[in-house]
Amino acid sequence: MKQFAITLLAVFIAAGLALLGYDHFIVKPREAKQAEAVLVNLGNAEQQAKTIANELDAAVTESVNNANETMIAQADEMQQRSLAKDALVRASMFKVALAEYFMSNGRWPKTQAEAGLANAESYAGGAVSGISIADKGVVVITLNSQIESGAKIKLVPDANLQSYVINWRCSTEGSEKLSRLLPDCK
């Protein structure tokens, strides 16, 4: 029992020494560092706060302006895509008229009048300045400045002479912007 009491006393002394060492080497230096950090020059604090607030305001204003510019650019891009898709929709009646003509005659018409279509300018609207027929049944959609003046979308037919099935391939000409707006047209 005497040995147990000595061991217990040694444990208490070791624990006390460990706590004193922890307090001296860890807690007190930490408190001293925190006390140093709390010292603030109040004479400059107001000016520093105003400077920080102004910098923050400028950063927020710049972020808002950048976000607005991005949204405007995205809206413009969507509008441009819409105009390009509208141009393809306007040409859909040409595809139908040409397909009917090809199925009835076994060849492509030489003129729009031969296919029963009006002159190119009568189909103008939106970004389209005109729609016409070229050789071998190719539909040519000419665009105006709403996308890019003079740029063209071509719808090229690939007809099977036995089944009269017509597949249309789309391509763009004269504008990288138009290629970007209609990525399926190659």
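Please read all numbers here as calculations on a predicted model, not as lab measurements. Computation of the quantities below employed the complete heavy-atom set of this structure, encompassing side-chain atoms and omitting hydrogens, waters and symmetry-equivalent molecules.
- No close placement of the Trp108 and Tyr101 rings is indicated, their centers lying 6.0 Å or farther apart.
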- Query: Could you go step by step and tell me if Phe102 and Ile166 meet the side-chain contact (heavy atoms from CB on, under 4.5 Å) rule?
  - Reply: CA-CA 9 Å; Phe102 183 78; Ile166 301 171; 4.1 Å; yes

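- Classification of Arg81 and Glu77 as a salt-bridged pair holds, one side-chain N sitting under 4.0 Å from a carboxylate O.
- Of all non-hydrogen atoms in Ser132 and Ala120, the two that sit nearest each other are CB-CB, 4.0 Å.
- Asn144 places a side-chain N or O within 3.5 Å of a backbone atom of Gly126 that can act as its donor or acceptor partner.
- Under the 4.5 Å side-chain heavy-atom criterion for ILVMFWY residues, no single connected hydrophobic cluster contains both Ile131 and Val156.
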- Message: Using the rule given for side-chain contact (heavy atoms from CB on, under 4.5 Å), can you reason through Val128 versus Leu143, listing the C-alpha separation, both sets of side-chain angles and the distance that settles it, and then say yes or no?
- Response: CA-CA 4 Å; Val128 176; Leu143 303 176; 4.3 Å; yes

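- The minimum heavy-atom distance between Pro109 and Ala115, with the atom names listed, is CG-CB, 3.7 Å.
- The two residues Ile141 and Ala87 come nearest to each other via the heavy atoms CD1-O, 3.6 Å.
- To the nearest 0.5 angstrom, Asp57 atom CG is 13.0 Å from Lys50 atom NZ.
- Here the CZ atom belonging to Arg107 is positioned 5.5 Å from the NZ atom belonging to Lys110, to the nearest 0.5 angstrom.
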- Between Phe94 and Ile133, is a side-chain contact (heavy atoms from CB on, under 4.5 Å) present by the stated rule, with each step listed? CA-CA 8 Å; Phe94 274 70; Ile133 297 175; 4.0 Å; yes

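- With hydrogens and angles ignored, the 3.5 Å screen pairs a side-chain donor or acceptor of Thr111 with a backbone N or O of Glu114.
- When atom types are taken as modelled, the side chain of Ser122 and the backbone of Asn119 share a donor-acceptor pair closer than 3.5 angstrom.
- Within 6.0 Å of the NZ atom in Lys177, the count of heavy atoms belonging to other residues, nucleotides or ligands exceeds 12.
- The distance from atom OG of Ser82 to atom CG of Leu181, rounded to the nearest 0.5 Å, is 10.5 Å.
- Between the side chain of Gln112 and the backbone N or O of Ala118, at least one donor-acceptor pair lies under 3.5 Å.
- Side chain of Ser129 to backbone of Thr142: a donor-acceptor contact under 3.5 angstrom is found.
- Interatomic distance, CE of Met71 versus CG of Asp76, reported as 14.0 Å (0.5 Å rounding).
- A continuous path of ILVMFWY side-chain contacts below 4.5 Å connects Leu83 to Tyr123, so both sit in one hydrophobic cluster.
- When the shell of 6.0 Å around CG of Asn65 is examined, it contains more than 12 heavy atoms from other residues, nucleotides or ligands.
- One finds the NZ atom of Lys85 at 6.0 Å from the CG atom of Leu182 (value rounded to the nearest 0.5 Å).
- Using modelled atom types, no side-chain atom of Glu173 and backbone atom of Ile153 make a donor-acceptor pair closer than 3.5 Å.
- Scanning both residues, Ser175 and Glu148, for their nearest heavy atoms gives OG-OE1, 2.9 Å.
- Taking all atoms of both residues into account, the shortest heavy-atom contact from Pro29 to His24 is CD-O, 3.4 Å.
- Within the 3.5 Å criterion, the main-chain N or O of Gln3 finds a donor-acceptor partner in the side chain of Thr7.
- Residues Asn54 and Leu56 are not in side-chain contact: their nearest non-hydrogen atoms beyond the backbone lie 4.5 Å or more apart.
- The nearest pair of heavy atoms linking Gln80 to Ile147 is OE1-CA, 3.5 Å.
- Cluster annotation: Val138 and Val165 are assigned to distinct hydrophobic clusters (Ile/Leu/Val/Met/Phe/Trp/Tyr, side-chain heavy-atom contacts under 4.5 Å, transitive).
- Here the side chain of Ser92 pairs no donor or acceptor atom with the backbone of Leu88 at under 3.5 angstrom.
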- What do the steps show when you test Leu98 against Val139 for side-chain contact (heavy atoms from CB on, under 4.5 Å), and what is the final call? CA-CA 9 Å; Leu98 290 172; Val139 177; 3.4 Å; yes

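- A donor-acceptor pair under 3.5 Å is formed between the side chain of Asn160 and the backbone N or O of Gln162.
- Remark: Glu100 does not engage Lys95 in a salt bridge, criterion side-chain N to carboxylate O under 4.0 Å.
- The CG atom of Asp158 lies 6.0 Å from the CG atom of Asn167; values are rounded to the nearest 0.5 Å.
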